[in-house]
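Working notes, beginning with the structure itself.
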Amino acid sequence: MKAIRRFTVRTVLPEPLRQLEELVLNLRWSWHHETLDLFRAVDPALWKAVRHDPVRLLGEVSPERLAALAGDRRFLRRLQDTADDLHEYLTAPRWYQTRSTPLAERGEAPSSIAYFSPEYGITAALPQYSGGLGILAGDHLKTASDLGVPIIGVGLLYRHGYFSQSLSPDGWQLERYPPLDPNGLPLTLLRDHDGTPVRVSVALPKDRDLHAQVWLARVGRVPQLLLDSDVEDNDQAARDVTDRLYGGGGDHRLLQEMLLGIAGVRAIRAYCDITGHPAPEVFHTNEGHAGFLGLERIRELVSEQGLTFDEALEATRAGTVFTTHTPVPAGIDRFPRELIQRYFGDPNEDDVPVERVLALGAEDYPGGDRTVFNMAVMGMRLAQRVNGVSALHGRVSREMFGGLWGGFDTAEVPVGSITNGVHAGTWVAREVLELAAREVPSVVESASGWEGVRNVRSGEIWRVRRVLRERLVVDARRRLRESWRQRGASEAETSWIDQALDPDVLTIGFARRVPSYKRLTLMMSDRHRLRSILLDPDRPVQIVIAGKAHPADEGGKRLIQDIVRFADSEDIRHRIVFLPDYDMALGQLLVQGCDVWMNNPLRPLEACGTSGMKAALNGGLNLSIRDGWWDEWYDGQNGWAIPSADGLATPDRRDALEAAALYELIEDHVAVTFYDRDSAGLPRRWLEMVKHTIATLGPKVLASRMVRDYVEGYYDPAAASARAMSTDKYAGARALAAWKQRVSSGWPRVAVEHVESTGEESPHVGGRLTVRVLVDLGVLDPGDVAVEVAYGRVDDSDALVAPTYLELRGGEPAEDGRLRYAGEVPLARSGAFGYSVRVVPSHPMLSGRAEMGLVALPPAPPGMTNGDLR
C-alpha cells in the first residue's frame, strides 16, 4: 500500500550536538570541505548512502550513534571549531566591507540588493534548478556571500522541482517528479514576530487570491526567500502553481511569474520588517521571469508615496538591473495580450492601469508581434541598466532588442555585458584546491598570482588529473549499471560495464540541456568516423555524455534516443556512454574528470555557457565553437576552436562542415597532443596548455570577478540613481518624469535644418573640420538637448564605423527661431572619413543618450557639395 502523504520527521539532536543543525541549515556546507568532512564523520557509511545530503544524514542516523558522538570529546571539539569557523565567516568584514571605491568610502554603497531568479542551483540536495540559468543564480548567491555583498535572493519553492530523468529500454527519455518535503530540506519557515508563518498573496480575477508561504534558506551570508503556494488558503489550482519548475501552460506560467515578481517583493518587505535587514536599494532581475517585480514597486510608490505612474516608473527604473540570458526570441516568455488583460485588468486597480502594463511589454517596434506581451521587453523598459552575459551575447542582444531604441545605431543600444563566471568552491575538485594551496597559495587565499601555476610540477598536475578521471570512470560505471538495470537488463547483461571506460584514455565530456541549437548529435554526423576515433588502437578516445530535454520537447528527446542507441552498440559501448539524470552532482564529476570539454552550439545561440569554465579551472581543455564566453577568451593556446560555418543557408551543410572540422581537431590535434609522452610518461605539450589555461583563464572565469563587475558597474550606479530619484520625497523622480513627458510630446517638432562644414578642400591628418548646424527645437529649450557630430571611418556604403561623438557648442538664436551650433572635428586618421550630426535628449539623470530612444537626424543627403550636407 502506498502512503497518501509523505513528510519528514526531523531528528532531535542531543544538546552537545545542537550546533550540527546550525551547520546543516546554512548551505555554506555545500562548498565548504571541512564542514562536509564533519558530516562524513557522523557516519561514513550512511553519508555515502544518502549521497552526501546532510539533512538526510541527520534524519537517518541512529540514536545510538548520536549518543556516542555526544560523548566523543574529539568530535565535539571538531564540531565547535567548525561552528566557530562558520560564525567568523558570517560576521567578519569581507571584500565588500573593505573596498576602497569613492562610493564605499563615503558610506554610500548599496545597503541591500534584491536578486530575483525563477531557479537556483545551490546544491543537488535542494533541487530547484533545471540548467544554466539556475546554476548561474546559485553561483551568484554563493559568491556574493564569499565577498560580503548584501544580497537577498528571491525565488519559488517547487514541490517537485525539475524532473528526474531515466531511459526506456529503447532509449527514450522518461520523466518523473519526486515529491519534495520542505521539512526534509535545509529550510525554515519565515515567521512573524509572534511565530505565525508569513503569508504573501497576489490578487487574481473573480475576487480570488493566490497565497504563498515563505521558506528561508541560508546561503552563507545571503538569505534566500522561496515562495510556496502549497498552502491551505489556496484552492487546488492555486496550490499547484509552485508544483513544478517550468511546468504547465500559459496561465500556469504567468501565475508563477506573478507570484515570483509581485509576491516576491512583498516577501522581501516582510523579511526586512521582521529581521531589521536593510530594504533593498537595487533590484536585479535575472531574466524576464521576475519582471513583474517592477509593477509591484510602482504600485507601492503610487499607493504609499502619492506618485503618478510615470513618476513611480522613473524611481523604479533607476534602481533596477535586468540581465538577459537568451540570444533567441524563442527563449523568451511571451504571453497573449488577452491573458495579461485578464489578470491585470481589475477595474478597481487605479495604481497600475492595465493599459500601462500592456504598453511595457508591447512589441511595438518594426518586426515585433503586436499580439503578444514580451517579458524581456517589459524587463528592459523597467530597468535603467541592462546586460547580456558575454561580450558576444551583448552584441547579439543589442541587435535583437535594438527596436526598443529605434534611430540609434546598434552599437549605441544601451545593453551592456558582464560575462558569467563560476563559483570555484562549488566546481573545483578538492584535489585541485589542495594542490593549489601547496604550490600556489596566493591563488587560494586571495585569487591572485595566477602566473605561479606555470611553475607547478607537471607530474603533480598529471597525477591529480588521473585521480579525477578515475573517479569519473568509477561513478560513471555505477550510474550506467543503474540505468541499464532500470531499462530492464539482467545482471548478466551488465557484466560488460566493469570494463566500460578507462581511467587512462583521453576523456571528452559533453553535458548540457538538449535544445536543438546545442546539437547533441553533431558528433554523430559521420558515425563511421566517430567509431574510428573511439576505437583507435594507438590513440583511443572516450566520450561521456549527459543532458535532459524539456518534457515537452519531442525533438530533444529524439536526439537523446539517437545518441543512446548509438552508445548501446556492443562494439563501442565501452567508449561512449550516456548518463541519465544530469544534475549538479553529476556535473561536478564531469567537469572535474574530463580532459576535454566539448561544446558545439549553433553560433551565436549560446549566451555564455559556463560548464567549459568549470572544466578549465579543473585542468581541462576546451574544444568548442567560438560562441558565448569562448569567443571572448579563446587565445589559441587554451584549447581548440571548432571553425564555425556561420551564414550558410543550408543547416545540413553547415553541420557537415563543422562536424568534419570537429573530427579533424580530435584526430590530428587533441588526441595527438594527449598521447605524445616524454620519457617520464608525461604529455608535456598537453600539460603546458593546461597550465596556460589555468593561469590565463583562472582570474577571468571566477564568479568573484563577475560579482565584482556587477557591484562596481551596475549595483553601485543603480543605488546612486535610485537615491537621486527618492531624495526630498521623490523630487528627482517627479522632475524627471515631467521633463520626459515634455520632451517626448515636443520631440516631433525637433529637426536638423541645415548642416555645413569647412576644411574639406585639402584635408590632412592633424587638420580640423569646422561643422555648423542649424536646429529647430520647436517648443523645447537648448538645455533639453545635446547637438552632436558623429565622425570617423566610413565603409563602402558610407556608414560610420565605431564613430566618435563630439557635442557642439552654441544654442544661439538664428533666423526663424532656429538655433545655431558649431564645433571642430579633429582629422586624426587617414583614409575614408565621414561625419553626420544628430540631436538627442540630454538630462543629468539619464543613463545615456539612447535611454529615451529619441533622436533627430538630418535628411538623407543626395551627396556632398561644397560641404553642404542637405
Side-chain angles (χ1 to χ4, degrees), residues 48 51-52 124 167 427-432 435 459-487 489 491 493-512 523 530-531 533-547 563-564 566-598 611-612 614-623 666 670-671 674-675 677 681-683 686-687 690:
K48 185 177 181 180
R51 301 284 175 84
H52 304 170
L167 299 173
W427 299 107
V428 178
R430 186 170 189 173
E431 290 82 357
V432 175
L435 177 62
E460 275 296 284
I461 294 177
W462 190 238
R463 179 191 63 79
V464 169
R465 291 297 315 146
R466 173 60 165 72
V467 167
L468 299 179
R469 196 183 310 114
E470 182 173 34
R471 180 182 300 156
L472 171 60
V473 166
V474 170
D475 196 75
R477 289 173 181 170
R478 177 187 65 79
R479 291 170 182 267
L480 200 58
R481 181 173 284 103
E482 288 179 0
S483 177
W484 272 67
R485 293 302 301 273
Q486 190 275 331
R487 292 170 65 188
E491 185 68 33
E493 291 174 299
T494 62
S495 59
W496 64 273
I497 294 175
D498 292 335
Q499 281 74 47
L501 306 178
D502 185 329
D504 292 308
V505 165
L506 169 62
T507 304
I508 296 177
F510 187 101
R512 49 195 34 87
M523 68 182 82
L530 177 57
R531 269 188 163 87
I533 290 172
L534 296 171
L535 301 175
D536 188 292
D538 300 315
R539 293 191 288 264
V541 174
Q542 58 194 15
I543 304 178
V544 185
I545 305 165
I563 205 97
V564 170
F566 180 74
D568 283 351
S569 304
E570 287 191 25
D571 60 329
I572 56 169
R573 63 189 183 185
H574 64 299
R575 286 282 185 259
I576 181 169
V577 299
F578 181 90
L579 303 179
D581 211 19
Y582 181 40
D583 64 359
M584 285 187 71
L586 178 53
Q588 287 167 328
L589 281 163
L590 286 167
V591 297
Q592 293 169 10
C594 289
D595 301 296
V596 173
W597 197 258
M598 186 165 68
S611 54
K614 299 161 190 168
L617 285 174
N618 282 288
L621 300 178
N622 277 267
L623 171 64
I666 294 174
V670 181
F674 183 86
Y675 287 108
R677 309 293 169 85
L682 299 178
W686 184 277
L687 291 169
V690 169

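Bear in mind that the values here come from a model prediction, so they are computed numbers and not experimental data.
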Stacked cation flag Arg481 on Trp484, 6.0 angstrom / 45 deg: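 No cation-pi geometry.
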
4.5 Å side-chain heavy-atom contact, Asp475 and Arg471: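 With C-beta onward as the side chain, the pair stays apart.
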
Non-hydrogen side-chain atoms of Trp462 and Pro683 separated by less than 4.5 Å: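 Answer yes - side chains close enough.
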
If I compare all heavy atoms of [X] with all of [Y], which pair ends up nearest, and what's the gap?
| X | Y | value |
| --- | --- | --- |
| Pro580 | Ser483 | CG-OG, 3.5 Å |
| Ile545 | Ile543 | CG1-CG2, 3.7 Å |
| Ala616 | Asn622 | CB-ND2, 4.1 Å |
| Phe578 | Leu167 | CD2-CD1, 4.0 Å |
| Thr507 | Val544 | CG2-CG2, 4.0 Å |
| Leu506 | Ala671 | CD2-CA, 3.8 Å |

Side chain to side chain contact (heavy atoms under 4.5 Å, CB included) partners for Ala476, two or more places apart: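 Ala476 satisfies side chain to side chain contact (heavy atoms under 4.5 Å, CB included) with Leu501, Leu579 once adjacent residues are dropped.
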
Are the side chain of [X] and the backbone of [Y] linked by a donor-acceptor contact shorter than 3.5 Å?
| X | Y | value |
| --- | --- | --- |
| Arg465 | Gln592 | yes |
| Gln542 | Asp502 | yes |
| Asn618 | Gly593 | no |

[atom1]-[atom2] distance between [X] and [Y], expressed to the nearest 0.5 angstrom:
| X | Y | atom1 | atom2 | value |
| --- | --- | --- | --- | --- |
| Ile533 | Ile666 | CD1 | CD1 | 5.0 Å |
| Leu590 | Ile508 | CG | CD1 | 13.0 Å |
| Leu535 | Ile576 | CG | CD1 | 10.5 Å |
| Arg477 | Thr494 | CZ | OG1 | 13.0 Å |
| Arg466 | Glu431 | CZ | CD | 13.0 Å |
| Met523 | Leu530 | CE | CG | 7.5 Å |

Criterion side chain to side chain contact (heavy atoms under 4.5 Å, CB included) on Ile461 and Leu435, from CA distance to verdict: CA-CA 8 Å; Ile461 294 177; Leu435 177 62; 4.2 Å; yes

Pair Phe566-Ile572, side chain to side chain contact (heavy atoms under 4.5 Å, CB included): steps then yes or no: CA-CA 8 Å; Phe566 180 74; Ile572 56 169; 3.4 Å; yes

With Tyr675, the side chain to side chain contact (heavy atoms under 4.5 Å, CB included) member among Val670, Asp538, Val505: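 Output: one option passes, namely Val505.
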
Residues Trp427, Val591; criterion side chain to side chain contact (heavy atoms under 4.5 Å, CB included); working and verdict: CA-CA 8 Å; Trp427 299 107; Val591 297; 4.3 Å; yes

Pairing residues for Trp686 by the ring pair (Phe, Tyr, Trp, His ring centres under 6.0 Å) criterion, not counting sequence neighbours: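 If we apply the ring pair (Phe, Tyr, Trp, His ring centres under 6.0 Å) test to Trp686, skipping adjacent residues, the hits are Trp640, Phe674.
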
Pairs satisfying salt bridge (Lys or Arg N to Asp or Glu O under 4.0 Å), at least one member in residues 574-588, at least two apart: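 As it turns out, the salt bridge (Lys or Arg N to Asp or Glu O under 4.0 Å) pairs with a partner in residues 574-588, which skip direct neighbours, are Lys548-Asp581.
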
N-O pairing of Glu460 and Arg463 below 4.0 Å: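 Salt bridge: yes.
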
Leu472 and Leu468: CA distance, side-chain angles, deciding distance, side chain to side chain contact (heavy atoms under 4.5 Å, CB included) verdict: CA-CA 6 Å; Leu472 171 60; Leu468 299 179; over 6 Å; no

